[in-house]
Each structure stands twice: as C-alpha cells, then as structure tokens.
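Note that ligands are numbered from 1 as they come in the structure, with each ligand's atoms numbered from 1 the same way.
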Amino acid sequence: MKKIRAAIASKNPAKINAVSNVLKNMEWTVDLSAIDADSEVSAQPFSQQETRQGAVNRAKNALGEYDFAIGLEGGVYEMEGILFLCNWGALATQDGHIFTAAGAQIPLPEEIADGLRNGTELGPIMDEYANESGIRQHKGAIGILTNGLVNRGEMFGHVVKLLMGQYQRHSD
Ligand SMILES: O=c1[nH]c(=O)c2ncn([C@@H]3O[C@H](COP(=O)(O)OP(=O)(O)OP(=O)(O)O)[C@@H](O)[C@H]3O)c2[nH]1
Ligand SMILES: [Mg+2]
C-alpha cells in the first residue's frame with residue numbers, strides 16, 4: 001500500500017480531525033503531522049480572497065518535505081451588507097501544484113457581525129455569544145448557527161474531500 005507523509009497546517013483539533021478522518025479512508029498508509037504554519041493574513045480574514053490566500057499560504061509554508069500539505073482557513077466576507085462565514089482549503093504538492101476549494105458559507109447574526117466589524121476575532125465572539133469556551137476547536141460558528149446539524153470538523157472534512165479528489169486526479 002502506498003505510504004504518504006502529509007501535513008495539516010494547524011494545531012486546531014477541528015481541522016486536524018477533519019483531515020485525519022478523510023485520509024484514514026484513503027487506500028494509503030498516511031502519516032499525518034499537525035504543524036503551525038503562518039497564514040500570512042490577518043487573524044480574522046475579511047474577504048473570500050484573504051481567506052483563500054490564508055489557506056494557500058498555510059499549505060505552502062507547511063509543505064517542507066511532506067508529500068502534500070493542507071491549509072484550512074476560516075473567514076468572513078460581506079455581501080449586500082450581510083456578513084457571511086466562509087471557509088477555504090488549499091493543498092500544496094511537491095511538484096508545485098496548489099489545489100483550492102471552498103466550504104460552507106452561512107450568514108452571521110448582526111450581533112456577531114457588529115463584533116467583527118469592531119475588529120474582534122470570530123472565535124472569541126462565538127464563545128461569548130454561545131456562552132461556551134473553545135467553540136473554534138470543535139463545533140465552530142457553523143455548529144452554533146446550524147443548531148448542531150453541522151460542526152466545524154465535518155464542514156472542513158467536506159473541503160478536505162474536495163482537495164483530495166483534485167489531488168488524486170492529478171496523481172493518477
Ligand atoms: O468559533 C469559530 N468557529 C468557526 O467556525 C470559525 N471559523 C473561523 N473562525 C475564526 O476566524 C478566524 C480565522 O479562523 P482560523 O482558520 O484561523 O481558525 P482558528 O484560529 O480557530 O484555527 P487555527 O488558526 O489554529 O488553525 C479565527 O478567529 C477563528 O476563530 C471561527 N471561529
Ligand atoms: Mg487562527
């Protein structure tokens with residue numbers, strides 16, 4: 001069986017689990033490392049482009065000697081005066097390819113949008129909004145806003161599948 005050494009550019013369990021849950025079902029032996037890699041964007045990306053760039057930078061900065069590295073970045077963007085949560089992923093390979101894909105988007109309540117517009121990161125805002133701690137590490141804003149129907153790991157898992165499908169087609 002093919003042996004793959006991969007990296008996920010985060011120490012956030014929601015992201016690590018999203019990647020490991022997808023890779024464990026592949027026809028490979030996968031050695032997954034979670035490493036910190038700079039997104040080179042603001043801690044709270046405020047557009048689709050900035051969020052996507054954060055994912056790309058994470059993947060590139062984490063690649064090192066791995067077969068591929070995955071970057072996952074959450075952010076927000078404004079459409080018609082409404083702030084939406086957005087999520088982007090990127091997969092960087094040793095032969096210079098960068099695959100990208102986007103995940104779920106959902107409108108943010110005005111109360112949360114106001115905090116973001118005042119410069120606060122979504123993570124702390126969500127903890128206060130839901131009166132819980134570390135939401136970003138498990139259910140995520142998406143979990144709160146979907147009443148638990150979708151959690152952050154599951155949401156990023158779908159993005160990882162979109163990336164892995166592109167990677168597999170490229171590798172075949
Ligand atoms: O509670 C949350 N639930 C979410 O669904 C969510 N999506 C994004 N964010 C926030 O947006 C910023 C960039 O996100 P982000 O990709 O950097 O995530 P993160 O900081 O949690 O992980 P990481 O940087 O350790 O990899 C950070 O302030 C995150 O808190 C979320 N917070
Ligand atoms: Mg972060």
Side-chain angles (χ1 to χ4, degrees), residues 6-23 32-64 66 68-79 82-92 98-160 162-163:
I8 165 62
S10 172
K11 298 282 192 180
N12 183 320
K15 297 183 181 181
I16 297 168
N17 294 336
V19 175
S20 59
N21 288 340
V22 172
L23 295 188
L32 180 66
S33 302
I35 57 175
D36 276 324
D38 191 354
S39 70
E40 299 175 41
V41 296
S42 57
Q44 182 56 65
F46 231 92
S47 70
Q48 293 268 30
Q49 292 77 1
E50 187 182 10
T51 306
R52 179 177 179 273
Q53 192 59 55
V56 169
N57 295 341
R58 285 170 184 251
K60 282 180 173 175
N61 291 334
L63 182 58
Y66 296 100
F68 62 81
I70 291 176
L72 298 172
E73 186 80 31
V76 297
Y77 73 96
E78 184 159 343
M79 185 193 295
I82 300 166
L83 272 192
F84 283 79
L85 176 69
C86 65
N87 297 277
W88 279 90
L91 187 151
I98 303 280
F99 301 106
T100 64
Q105 302 172 40
I106 193 167
L108 294 166
E110 268 312 298
E111 176 185 344
I112 293 174
D114 290 346
L116 285 158
R117 291 192 178 101
N118 291 331
T120 309
E121 270 192 64
L122 183 56
I125 293 173
M126 290 313 302
D127 286 357
E128 188 179 338
Y129 178 82
N131 194 26
E132 294 182 30
S133 64
I135 287 174
R136 69 204 301 184
Q137 311 273 340
H138 41 85
K139 64 179 80 168
I142 194 93
I144 299 293
L145 299 176
T146 63
N147 207 33
L149 287 178
V150 178
N151 67 43
R152 200 177 189 201
E154 186 183 342
M155 179 275 296
F156 269 131
H158 188 253
V159 178
V160 172
L162 298 177
L163 297 171

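Neither the backbone nor the side chain of Pro124 has any atom closer than 4.0 Å to an atom of ligand 1 (non-hydrogen atoms only).
With hydrogens and angles ignored, the 3.5 Å screen pairs a side-chain donor or acceptor of Glu50 with a backbone N or O of Ser42. Not a single donor-acceptor pair under 3.5 Å links the side chain of Asp127 to the backbone N or O of Ser133. Looking at Glu154, its side chain never comes within 3.5 Å of a backbone N or O of Val150 through a donor-acceptor pair. For the pair Asp38 (side chain) and Asn61 (backbone), a donor-acceptor distance under 3.5 Å is absent. A donor-acceptor pair under 3.5 Å is absent between the side-chain atoms of Asn151 and the main chain of Gly143, judged by distance alone.
Residue Ala43 has at least one heavy-atom neighbour below 4.0 Å for each of these atoms of ligand 1: 12 (C), 13 (C), 27 (C), 28 (O). Under a 4.0 Å criterion applied to the non-hydrogen atoms of Glu121, ligand 1 contributes the atoms 27 (C), 28 (O). Listed by number with element, the atoms of ligand 1 under 4.0 Å from a non-hydrogen atom of Ile135 are 1 (O). Less than 4.0 angstrom separates some heavy atom of Ser10 from each of these atoms of ligand 1: 23 (P), 25 (O), 26 (O). If you number the atoms of ligand 1 from 1 as listed, the ones under 4.0 Å from a heavy atom of Asn12 come out as 19 (P), 21 (O), 22 (O), 25 (O). Atoms of ligand 1 found under 4.0 Å from any heavy atom of Leu85 (numbered from 1 in listed order, with element): 7 (N).
Looking only at heavy atoms of the protein, atom 15 (P) of ligand 1 is closest to Lys15 NZ, 3.5 Å. Of the protein's heavy atoms, Ala141 N, 2.6 Å lies nearest to atom 3 (N) of ligand 1. Among protein heavy atoms, atom 14 (O) of ligand 1 sits closest to Gly74 O, 3.4 Å. Summary of contacts: the protein heavy atom closest to atom 11 (O) of ligand 1 is Gln44 OE1, 3.1 Å.
In this structure, of Met126, Arg152, Glu73, Lys11, the residue bringing a heavy atom nearest to atom 21 (O) of ligand 1 is Arg152. In the candidate list Gln137, Arg136, Arg58, Arg58 is nearest to atom 24 (O) of ligand 1, counting heavy atoms.
Considering backbone and side-chain atoms alike, Gly140 places every N or O at 3.5 Å or more from each N or O of ligand 1.
Under the 4.5 Å side-chain criterion, counting only non-hydrogen atoms from C-beta, Lys15 is in contact with Arg152. The side-chain heavy atoms of Asn17 and Phe156, taken from C-beta on, include no pair separated by under 4.5 Å.
To the nearest 0.5 Å, atom SG of residue Cys86 and atom CD1 of residue Ile106 are 12.5 Å apart.
Looking at residues two or more places apart in sequence or on another chain, you find a salt bridge (charged side-chain N to carboxylate O under 4.0 Å, His left out) between Glu78 and Arg117.
More than 12 heavy atoms of other residues, nucleotides or ligands shown are found within 6.0 angstrom of CG on Asn118.
Heavy atoms of Lys139 come nearer than 4.0 angstrom to ligand 1 in no pair at all.
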